[in-house]
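When a ligand or atom number is given, it counts from 1 through the structure's own listing order.
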Amino acid sequence: MTDASFIIVAIDGGAASGKSSTSRALSERFHLLHVDTGSFYRAFTAELLRQNVATDHPDAITSAATALQLDTAIEGRRAQMKINGRVVPDAEIRTPAVNANVSHFAAVPALRQALLEYQRGQADVGRSHGFRGLVMEGRDIGSVIFPDADFRFFLHADPVERARRRAAEGQQDSITERDRLDQSRKTAPLACPEGATDVDSTHLTLEEVVDLLSSHLATRLAPVA
Ligand code: DC
């Protein structure tokens, strides 16, 4: 189903670059479905770790990943992945073990393939729940998942500032190591897609970043909040 009034906003960037806070704020301001694809890779990682699948066994990863039944639950404006009928809670996907392994699983092409159509399908989920569009954040949204998105942004910030933000959230996360792995993988590496709007948030507040992106979206859609 195509619907010209349903807008797609792609936000890519490295770990702790401000994607989630920005996407959440935009979803409220414009009544968009918020889709955090990092949480999908994290949910897969938590499930594969639970099944004792090793990161260096691509065949085992492929068969385990393709056997998972995927569905979506909507919580507020956020899309949450259901694996085999169960929402994987935040407490299970933001652990040090998931932080340490997610980039290794995310580098396996078959795992990315298993998530591709599911991610694109979030547009239909958004439409069927009455949203005016979706804002999807990740690493390859503007390059692979929705290269024709109405708006494509790439957020980055100084690594010292990003580490400070993660620590302020009380999280133990090796941001630069994850970025290195995400940038150097062969399939869908983290990079600013050609034609995307590049935003350096190092010296901007969250509100300033949200206002900046909102000014782009407002050319197509009036804010609701
Ligand atoms: O956004 P995040 O930090 O929660 O993402 C966790 C990991 O998931 C990230 O290090 C790489 C992977 N990822 C990806 O490869 N592609 C995406 N579109 C989103 C996340």
Notebook entry, point to check: Any donor and acceptor pair, going by atom type alone, linking the side chain of T37 with main-chain N or O of E137 inside 3.5 Å?
Noted result: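 Yes: the side chain of T37 pairs with the backbone of E137.
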
Notebook entry, point to check: Within the distance-only criterion (no hydrogens, no angle test), does the side chain of R132 pair as donor or acceptor with the backbone N or O of A222 below 3.5 angstrom?
Noted result: yes

Item checked: Pairs meeting criterion ring-ring contact (aromatic ring centres under 6.0 Å, His included) with involvement of residues 119-152, two or more places apart ->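 Applying ring-ring contact (aromatic ring centres under 6.0 Å, His included) to every pair that reaches into residues 119-152, excluding sequence neighbours, yields H31-F131.
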
Note to self: Under a 3.5 Å threshold, yes or no: a donor from one side chain and an acceptor from the other, between Y41 and S103?
What the structure shows: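 Note: Y41 and S103 side chains miss the donor-acceptor criterion.
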
At less than 3.5 Å, what protein N or O atoms come close to the N or O atoms of ligand 1? Include the distances to 0.1 Å.
residue  : atom   : partner : partner atom : Å
ligand 1 : 1 (O)  : R139    : NH1          : 3.0
ligand 1 : 3 (O)  : R139    : NH2          : 2.9
ligand 1 : 3 (O)  : R178    : NH1          : 2.9
ligand 1 : 3 (O)  : R178    : NH2          : 3.4
ligand 1 : 4 (O)  : R42     : NE           : 2.7
ligand 1 : 4 (O)  : R42     : NH2          : 3.4
ligand 1 : 5 (O)  : R139    : NH2          : 3.4
ligand 1 : 10 (O) : S103    : OG           : 3.2
ligand 1 : 10 (O) : R178    : NH1          : 2.7
ligand 1 : 10 (O) : D182    : OD2          : 2.7
ligand 1 : 15 (O) : R112    : NH1          : 2.8
ligand 1 : 15 (O) : R112    : NH2          : 3.4
ligand 1 : 15 (O) : R185    : NH1          : 2.8
ligand 1 : 15 (O) : R185    : NH2          : 3.1
ligand 1 : 16 (N) : R112    : NH2          : 3.0
ligand 1 : 18 (N) : T37     : OG1          : 3.1
ligand 1 : 18 (N) : R139    : N            : 3.0
ligand 1 : 18 (N) : D140    : OD1          : 2.9

Under 3.5 Å, which donor-acceptor pairs link side chains of residues 10-17 to any protein atom two or more places apart or in another chain?
residue : atom : partner : partner atom : Å
D12     : OD1  : R139    : N            : 3.2
D12     : OD1  : D140    : N            : 3.1
D12     : OD1  : I141    : N            : 2.9
D12     : OD2  : I141    : N            : 3.3
D12     : OD2  : G142    : N            : 2.8
S17     : OG   : G14     : O            : 2.8

With a 3.5 Å cut-off and sequence neighbours excluded, list the donor-acceptor pairs that the side chains of residues 208-217 form with protein atoms.
residue : atom : partner : partner atom : Å
E208    : OE1  : T205    : N            : 2.8
E208    : OE1  : T205    : OG1          : 3.4
D211    : OD1  : R29     : NH1          : 2.8
D211    : OD1  : R29     : NH2          : 3.2
S214    : OG   : R29     : NH1          : 3.1
S214    : OG   : V210    : O            : 2.7
S215    : OG   : L212    : O            : 2.6

